[in-house]
Amino acid sequence: MRIVFMGTPDFAVPCLLRLLSDGEEVVGVFTQPDKPKGRGYALTPPPVKTAALEHEIPVFQPNTLRDGEAEKTIRALAPDLIVVVAYGKILPAEILFLPQYHSVNIHASLLPKYRGAAPIQWCILQGEKKTGVTSMLMDEGLDTGDMLLHRETEIAENMTAGELHDVLSELGAQVLSETVAGIRTGTLHPIPQTGESCYAPMLTKGLCPLDFSKPAQEVHNQIRGLSPYPAATFRLSGKRIKAFRSTLGGSAKGLKPGTAAFCESDIVVACGDGNLVHITELQPEGKKRMSASAYLAGHKLPEGTILT
RNA sequence: CGCGGGGUAGAGCAGUUGGUAGCUCGUCGGGCUCAUAACCCGGAGGUCGUGUGGUUCAAGUCCCACCCCCGCAA
């Protein structure tokens, strides 16, 4: 099948590769323009572009899909289907329904929950026990199209967003493969999204600072939901520290929220509900990411120290 | 040339006004103990990122160049 693929970040790469290994004819890849990133503002290509170029697929990086140019380009590519995976732009109707089989999207949640930009992280932030991947026939709304297939996966107690991302990314490739196969054979039955929906908006820096006056479980969810990017932070002796991993366990026994308890191999902090959160992996500003025990080997952290 | 922090024993950190390096953990050996990841004693382990660079009687510590790592911001 002739397919135009639209995607941008790492999450979308396994989907693209799966289409190729399935023998689909990927005739073009749309991805976001290269953007200045990192120190020195080096112009950085999106991961999907890199992957596409490695397979010698034509890459298109328009700033907008709404000036008619993109439509002409796609028309010339004459796809049977458009596959969208975390592309980062809304497709106008004239493109959406251009191919014979229209456009399908792979979304990293169990729709209609967690529509939007950051479903993986929000699932963990909200303390969900399971999530999954859904494929849908796209319409003009944001992740509102009729659903085709979905696959569920458990979210382990201490799982981070990064780990879940990798799982869902592979699961997404699997679902995409089955979806394309189903479209080819005409065996899929689109079903409208029903039930309670919610949105997973883009993550902002404002979500990062930890608030130890919250219950330990929420602090824990915040740490793992924002790990590794953008990463939950707290302050210790004037420096900002990112927390990447944590576990729960133990009672704070009347310690005020934010107070460090006995810190041997973990940084143990009292939370608002009287329970403890154990920070096990972190990164001080300007330093590499390290285990809490390594950090504690070189930094004294007496019991009673206040973290904010 | 966006702003900034840092490269010292396996890991994490100190290192004062320049005088050839210390701490915590780990590791090895011994001891204590019913026992232990606990405790005590002892040992090994470092060309202090690179430059057969500059200053100096003397540089981890000052100056110069380069390499590498990281935080912020985008």
Side-chain angles (χ1 to χ4, degrees), chain A residues 7-13 30-50 59 61-64 86-90 116-118 120-121 125 158 160-163 165 200-212 219 222-251 253 258-269 276-308:
Chain A
T8 299
D10 287 316
F11 182 84
V13 172
F30 278 66
T31 192
Q32 295 275 15
D34 294 6
K35 286 180 181 170
K37 276 191 169 182
R39 288 177 284 275
Y41 296 112
L43 210 54
T44 309
V48 163
K49 177 182 182 179
T50 305
V59 171
Q61 299 176 278
N63 283 312
T64 176
Y87 176 42
K89 289 188 188 301
I90 306 290
I120 301 171
Q121 292 86 342
L125 289 170
N158 295 323
T160 65
E163 292 165 342
H165 168 281
M202 282 201 291
L203 302 175
T204 66
K205 310 273 185 195
L207 295 167
C208 294
L210 287 166
D211 178 358
F212 293 112
V219 172
Q222 188 178 349
I223 290 171
R224 61 202 191 96
L226 298 177
S227 171
Y229 301 108
T233 62
F234 61 96
R235 300 193 140 270
L236 174 54
S237 56
K239 297 205 172 171
R240 177 165 39 195
I241 299 180
K242 290 182 178 177
F244 290 108
R245 277 181 190 285
S246 57
T247 59
L248 294 172
S251 163
K253 294 178 183 174
T259 306
F262 295 104
C263 296
E264 292 174 24
S265 60
D266 305 333
I267 291 180
V268 185
V269 191
L276 297 172
V277 63
H278 302 241
I279 296 170
T280 59
E281 194 172 341
L282 50 80
Q283 179 176 31
E285 53 181 302
K287 293 295 187 177
K288 289 183 181 176
R289 183 168 169 170
M290 66 184 79
S291 67
S293 58
Y295 178 83
L296 290 170
H299 299 82
K300 294 175 183 175
L301 184 57
E303 183 181 6
T305 303
I306 303 295
L307 314 184
T308 56

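Order of the sequence lines sets the chain letters (A, B, ...), proteins ahead of strands, with each chain counted from 1. Heavy atoms only: backbone and side chains are in, while hydrogens, waters and symmetry mates are out.
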| note | A:R289 CZ to B:rC70 P, in whole Å, measures 12 Å

| query | Whole Å only: how far is the CD atom of A:E285 from the C1' atom of B:rA73? | reply | 13 Å

| Base, sugar-phosphate, or nothing for A:Y41, non-hydrogen atoms under 4.0 angstrom? | base

| What integer distance in Å separates A:E281:CD from B:rC70:P? | 15 Å

| request: If B:rU24 has a Watson-Crick or G-U wobble mate with both distances under 3.5 Å, name it; if not, just say none. | output: B:rA11

| Separation of B:rC13 P from A:K239 NZ (nearest whole Å) | 10 Å

| field | Integer-rounded Å distance: B:rG2 C1' and A:K37 NZ | value | 17 Å

| remark: Under a 3.5 Å limit on both distances, the Watson-Crick or wobble mate of B:rG71 is B:rC3

| Touch class at under 4.0 angstrom, heavy-atom based, for A:A294 against every strand present | sugar-phosphate

| field | Presence of A:Q283 side-chain N/O under 4.0 Å of B:rG71 phosphate oxygens OP1/OP2 | value | yes

| Pair partner, B:rA37 [Watson-Crick or wobble, under 3.5 Å] | none

| message | Quick check on B:rA73: is either OP1 or OP2 less than 4.0 Å from any side-chain nitrogen or oxygen of A:K205? | response | yes

| Looking only at side-chain N and O atoms, does A:R39 come under 4.0 Å of OP1 or OP2 in B:rG71? | yes

| message | Just the rounded figure in Å: distance from C1' of B:rC13 to CG of A:L282. | response | 14 Å

